Amino acid sequence: MPLKKDFAFVINSNTSAEELIREIKKVDVNIGEITVFDVYHNEDKSELSLGIEVEILQKYKVLNAQEINLLMDNIIKTVEKKVGAKLRTR
């Protein structure tokens, strides 16, 4: 049973959504489809805010809340490091 989690990331506008998605997919084998559902440019077009839905596959076992939170943390840390994305908090 796949589980879907939403994230909102702010990236530099010269970073592509594809780049962000590629890095998220590398985080864990349990990551399935990734869909961008919202795109917003800030006033001076220097940053892009992306709403992303990440599908978490549970092929071999149902993940508990702790495992899901760890996976989400890994996604956030990875994209911060690899593409300089920040989690949008508001």
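Just so you know, these numbers come straight off a predicted model, no measurement behind them.
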*Asks:* Please identify each residue that fulfils side-chain hydrogen bond (donor to acceptor under 3.5 Å, both in side chains) with Ser49, with sequence neighbours left out.
*Replies:*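 Here the qualifying residues are Arg88.
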*Asks:* Which residue pairs pass the side-chain hydrogen bond (donor to acceptor under 3.5 Å, both in side chains) test when at least one of the two sits in residues 64-77, sequence neighbours left out?
*Replies:*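 Of all non-adjacent pairs touching residues 64-77, those that pass side-chain hydrogen bond (donor to acceptor under 3.5 Å, both in side chains) are Lys61-Glu67.
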*Asks:* Determine, using the 4.5 Å side-chain heavy-atom cutoff (strictly less than), whether Leu48 and Val36 are members of one ILVMFWY cluster.
*Replies:*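 Yes, it is one cluster - the side chains of Leu48 and Val36 are joined through contacts under 4.5 Å.
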*Asks:* Quick check on Phe37: does its CZ atom have over 12 non-hydrogen neighbours (other residues, nucleotides or ligands) under 6.0 Å away?
*Replies:*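 Result for CZ/Phe37: enclosed.
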*Asks:* So, taking the atom named NE2 in His41 and the one named CD in Glu43, what distance separates them when rounded to the nearest 0.5 Å?
*Replies:*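 One finds 12.0 Å between NE2 of His41 and CD of Glu43.
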*Asks:* Of all heavy-atom pairs between Phe7 and Met72, which one has the smallest distance, and what is that distance?
*Replies:*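 In this case the closest contact between Phe7 and Met72 is CZ-CG, 3.8 Å.
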*Asks:* Could you pull out the closest heavy-atom pair between Ala17 and Ile11, with the gap in Å?
*Replies:*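 Scanning both residues, the minimum pair turns out to be N-CD1, 4.5 Å.
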*Asks:* Is Ile56 close to Leu63 at the side-chain level, that is, under 4.5 Å between some pair of heavy atoms?
*Replies:*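 Of all side-chain heavy-atom pairs linking Ile56 with Leu63, at least one is under 4.5 Å.
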*Asks:* Distance check, rounded to the nearest 0.5 Å: Ile75 atom CD1 versus Ile34 atom CD1?
*Replies:*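 Going from the CD1 atom of Ile75 to the CD1 atom of Ile34 covers 7.0 Å.
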*Asks:* Show your reasoning for whether side chain to side chain contact (heavy atoms under 4.5 Å, CB included) applies to Leu71 and Ile31.
*Replies:* CA-CA 9 Å; Leu71 180 57; Ile31 292 173; 4.3 Å; yes
*Asks:* Kindly work out whether a path of hydrophobic side-chain contacts (I/L/V/M/F/W/Y, heavy atoms less than 4.5 Å apart) joins Val54 to Val10.
*Replies:*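 Per the 4.5 Å side-chain linkage, Val54 and Val10 are not co-clustered.
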*Asks:* Check Gln58 against Leu3 and note the closest heavy-atom contact, atom names and distance.
*Replies:*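 That closest heavy-atom pairing would be NE2-CB, 3.9 Å.
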*Asks:* Tell me whether Val83 is reachable from Tyr40 by hopping between hydrophobic residues (I, L, V, M, F, W, Y) whose side-chain heavy atoms are closer than 4.5 Å.
*Replies:*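 Tyr40 does not cluster with Val83.
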*Asks:* OG1 of Thr15 to NZ of Lys82: how many Å apart, nearest 0.5 Å?
*Replies:*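 Atom-to-atom, Thr15:OG1 and Lys82:NZ are 14.0 Å apart.
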*Asks:* Hydrophobic cluster membership, with links at side-chain heavy-atom distances under 4.5 Å among I/L/V/M/F/W/Y: are Val39 and Ile21 in one?
*Replies:*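 Yes, Val39 and Ile21 fall within the same hydrophobic cluster.
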*Asks:* For Glu55, enumerate each residue passing the side-chain hydrogen bond (donor to acceptor under 3.5 Å, both in side chains) test, keeping only those at least two apart in sequence or located in another chain.
*Replies:*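 Not a single residue meets the side-chain hydrogen bond (donor to acceptor under 3.5 Å, both in side chains) criterion with Glu55.
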*Asks:* Is Leu20 linked to Ile76 within one hydrophobic cluster, defined over Ile, Leu, Val, Met, Phe, Trp and Tyr using a side-chain heavy-atom separation of less than 4.5 Å?
*Replies:*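 Same hydrophobic cluster.
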*Asks:* Looking at side-chain heavy atoms only, is the closest gap between Leu87 and Phe9 below 4.5 Å?
*Replies:*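 Yes, their side chains come closer than 4.5 Å.
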*Asks:* Just jot down the side-chain hydrogen bond (donor to acceptor under 3.5 Å, both in side chains) partners of Lys5, sequence neighbours excluded, or say none.
*Replies:*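 Not a single residue meets the side-chain hydrogen bond (donor to acceptor under 3.5 Å, both in side chains) criterion with Lys5.
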*Asks:* Among all residues two or more places apart in sequence or in another chain, which pass the salt bridge (Lys or Arg N to Asp or Glu O under 4.0 Å) test with Glu80?
*Replies:*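 Result, salt bridge (Lys or Arg N to Asp or Glu O under 4.0 Å) vs Glu80: none returned.
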*Asks:* Please, which pairs that meet side-chain hydrogen bond (donor to acceptor under 3.5 Å, both in side chains) have at least one residue in residues 23-36, sequence neighbours excluded?
*Replies:*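 Every side-chain hydrogen bond (donor to acceptor under 3.5 Å, both in side chains) pair that includes a residue of residues 23-36, provided the two are not neighbours, is Glu23-Lys26, Asp28-Asn30.
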